[in-house]
Amino acid sequence: MHNLTLPISEEQIRQLRVGDTVSLTGTIYTARDAAHKYMVENFIQGEPPATEREMLAELEQGLSGGVIYHCGPIVRKDESGKWHFVAAGPTTSIREEPYEYQVIERFGVRAVIGKGGMADKTLQACGDHGAVYLHAIGGAASLIARSVVEVIGLFKEEFGLPEAFWKIRVEDFQCVVTMDSHGGSLHKEVEALSERNLQEILK
Amino acid sequence: MNPVKIDLRESLLELVRRASTQLPDDVTRSLHEGLLHERVGDAAASALKIVLENVALAAEQNTPICQDTGTPIFVIHHPFGYSQRAIAADVEWAVITATEHSYLRPNAVDSVTGKNSGNNIGSGLPSLHFHEWEQEEIRIDLLLKGGGSENVGGQYALPSAPLSAGRDLEGVRRVVLDAVFKAQGKGCGPGIIGVGIGGDRPHSAWVAKEQLFRLLGDVNEDSELAELEQQLLAEGNRLGIGPMGFGGATTLLGVKVGAAHRLPASYFVSIAYLCWAARRASLTFNNGEVTFA
């Protein structure tokens, strides 16, 4: 088990290989479909609008050496107005494939957590910029919510609660490296293996 | 004649709570069996262990098994004399209240404006399917059908030359295996596959979806389909995709096949993929008494 505490250095990432398990501790951000589209349209494809400068500063500070979690949580607000994560498993990552390379490059993201894996462009970003894809266990939402020890902030609430950016502090968030910074992808390996098996079955 | 007056609101809320927080026993058992087939120390075994740990924790804490509480699909069988509109109103109340209690995530997004309704009510949501039947009781079956697995389902029109799939059960077999292969781990496997053969496009898709309400251990009344289900389960597991697509022996927990009549011109095969978090629950209302299963 590799214990990683945020922020993560490139050197730490380069040590990770497909199949390694990691335990993450520190402050990370959830971001899924609307959030990725927003980041690319506002901060990558041109001049950031004046209205979004604070958000930009937040992301530049928080995502450098940081972690993005593909997740749309179920949350609860307590009497004092504080948010809590009730259920927070990963969502399918491949939907962010068109955006992730640029997001990793622009903000210096070191790890992306999700499920189902991502494709060639993101694998390329992992190699080019020193990042990894971490697979959380899909559906293990109550268990993962327990490792979210604090909800620090909520940004872009107008995207809807599942789609907003949640800034959270996690402790011992366990994942498996399924795409590393050396071109390794468990998803590619399993796809190739299962394709051979399929041909065999259909012979 | 006036419809029979009943108030199912609190019972329906309890039904949603149960579905969201308690995995059905047959599915939990099947996951345990899957774990026995994985090599100790493999990512597949560790994934199933975490899944089972999560299932136990969700039940204990009364929190959702998965944050994607999906499409709430209600199938409602009732005798003559009940108002479907009144039952639908009770279901809506239960869904709104369950959302307030964090048993459901707000999941209804306006496809034109992109705005989330915030309470799981929207055009087509929750998904309601009414049937009048001969029996005296009302039976309501609920499935919380996750979105990630819904995305890897699909529909084939046979024949398919690239898949060498003709218009027969051998053709069905080929396209189902193609769908399981293409899904890889993206549907949160180990999955349960519902297959709908025949019908027009929407009916074919619904027949596939309906299969997901069946218990894993039940046996298809049609012996040919029963055989196909067994064969596809075994072959699906030989693909080696494994839990979460990590590689391993447990790719599928079940395959359930239904068939409808079709036009001579059409032969549709629909695939509904259900993630391991197969959150179904049922209630029966009889003589004012409610029982849950």
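Keep in mind it's a predicted model, so treat the numbers as computed, not measured. In what follows, chains carry the letters A, B, and so on, assigned in the order in which the sequence lines appear, proteins first and then strands, with residues in each chain numbered from 1. Side-chain atoms are counted along with the backbone in the values below, which use heavy atoms only and exclude waters and symmetry mates.
With chain B as the partner, the residue from Gly139(A), Ala145(A), Ala34(A) showing the most heavy-atom pairs under 4.5 Å is Gly139(A). Between chain A and the residues Ile65(B), Thr21(B), Val51(B), the largest count of heavy-atom pairs under 4.5 Å involves Ile65(B). Considering only heavy-atom pairs separated by less than 4.5 Å from chain B, the leading option among Cys71(A), Gly19(A), Pro73(A) is Pro73(A). Each of Leu57(B), Asp178(B), Val152(B), Asp42(B) has some count of heavy-atom pairs under 4.5 Å with chain A, and the biggest count is that of Leu57(B). For chain B, the option among Thr178(A), Leu143(A), Val86(A) with the highest count of heavy-atom pairs below 4.5 Å is Leu143(A). The residue among Arg146(A), Glu158(A), Glu189(A) with the most heavy atom pairs within less than 4.5 Å of chain B is Arg146(A).
The 12-atom threshold is exceeded at NZ of Lys156(A), counting heavy atoms of other residues, nucleotides or ligands nearer than 6.0 Å. Taking a 6.0 Å sphere around CD of Glu105(A), one finds it holds more than 12 heavy atoms contributed by other residues, nucleotides or ligands. When the shell of 6.0 Å around CD of Glu227(B) is examined, it contains 12 or fewer heavy atoms from other residues, nucleotides or ligands. Counting heavy atoms of neighbouring residues, nucleotides and ligands inside a 6.0 Å radius, atom NE2 of His2(A) exceeds 12 of them.
Proximity to chain A is limited to the side chain of Gln61(B), based on heavy atoms less than 4.5 angstrom apart. Only the side chain of Thr92(A) comes within contact range of chain B, judged by heavy atoms closer than 4.5 Å. Looking at Asn54(B), both its backbone and its side chain come within 4.5 Å of chain A, counting heavy atoms on both sides. When heavy atoms are compared at a cutoff of 4.5 Å, Ser164(B) does not approach chain A at all. With a threshold of 4.5 angstrom between heavy atoms, Ala58(B) approaches chain A through its backbone and through its side chain. The contact between Val176(A) and chain B is made entirely by side chain atoms (from C-beta outward), counting heavy-atom distances below 4.5 Å. In this structure, chain B has heavy atoms under 4.5 Å from both the backbone and the side chain of Ala140(A). Residue contact with chain A, scored on non-hydrogen atoms closer than 4.5 Å, involves the backbone of Leu104(B) exclusively.
Using a 4.5 Å heavy-atom threshold, the side chains of Thr63(B) and Ile74(A) count as separate. Residues Arg173(B) and Leu202(A) are in side-chain contact: their nearest non-hydrogen atoms beyond the backbone lie under 4.5 Å apart.
The two residues Ala141(A) and Cys66(B) make their nearest non-hydrogen contact at CB-CA, 3.4 Å. The minimum heavy-atom distance linking Arg32(A) with Arg105(B) is given by the pair NH1-NH1, 3.6 Å. Of all heavy-atom pairs between Pro64(B) and Ser142(A), the closest is O-OG, 2.7 Å. Here the shortest heavy-atom pairing between Ser102(B) and Arg76(A) reads OG-CB, 4.0 Å.
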CA sep, side-chain torsions, deciding dist, call: Leu161(A), Asn116(B), side-chain contact (heavy atoms from CB on, under 4.5 Å):
CA-CA 9 Å; Leu161(A) 293 181; Asn116(B) 191 319; over 6 Å; no

List the steps and the verdict of side-chain contact (heavy atoms from CB on, under 4.5 Å) for Asn151(B) and Arg95(A).
CA-CA 11 Å; Asn151(B) 286 341; Arg95(A) 293 193 306 269; 3.9 Å; yes

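Distance check: Glu53(B) CD to Ile137(A) CD1 gives 11.0 Å after rounding to the nearest 0.5 Å. The CD atom of Glu200(A) sits 7.5 Å away from the CZ atom of Arg238(B) when rounded to the nearest 0.5 Å. For the atom pair Ile201(A) CD1 and Gln231(B) CD, the distance stands at 10.0 Å (nearest 0.5 Å). Here the straight-line distance linking atom NE2 of His187(A) with atom CZ of Phe246(B) works out to 7.0 Å at 0.5 Å rounding. To the nearest 0.5 Å, the span separating CD1 on Ile144(A) from CD1 on Ile50(B) amounts to 8.0 Å.
Proximity to chain B at a heavy-atom threshold of 4.5 Å picks out Val190(A), Glu191(A), Leu193(A), Ser194(A), Glu195(A), Asn197(A), Leu198(A) from residues 190-199 of chain A, in numerical order.
Of the possible donor and acceptor atoms, one in the side chain of Gln67(B) sits under 3.5 Å from a partner among the backbone N and O of Gly89(A).
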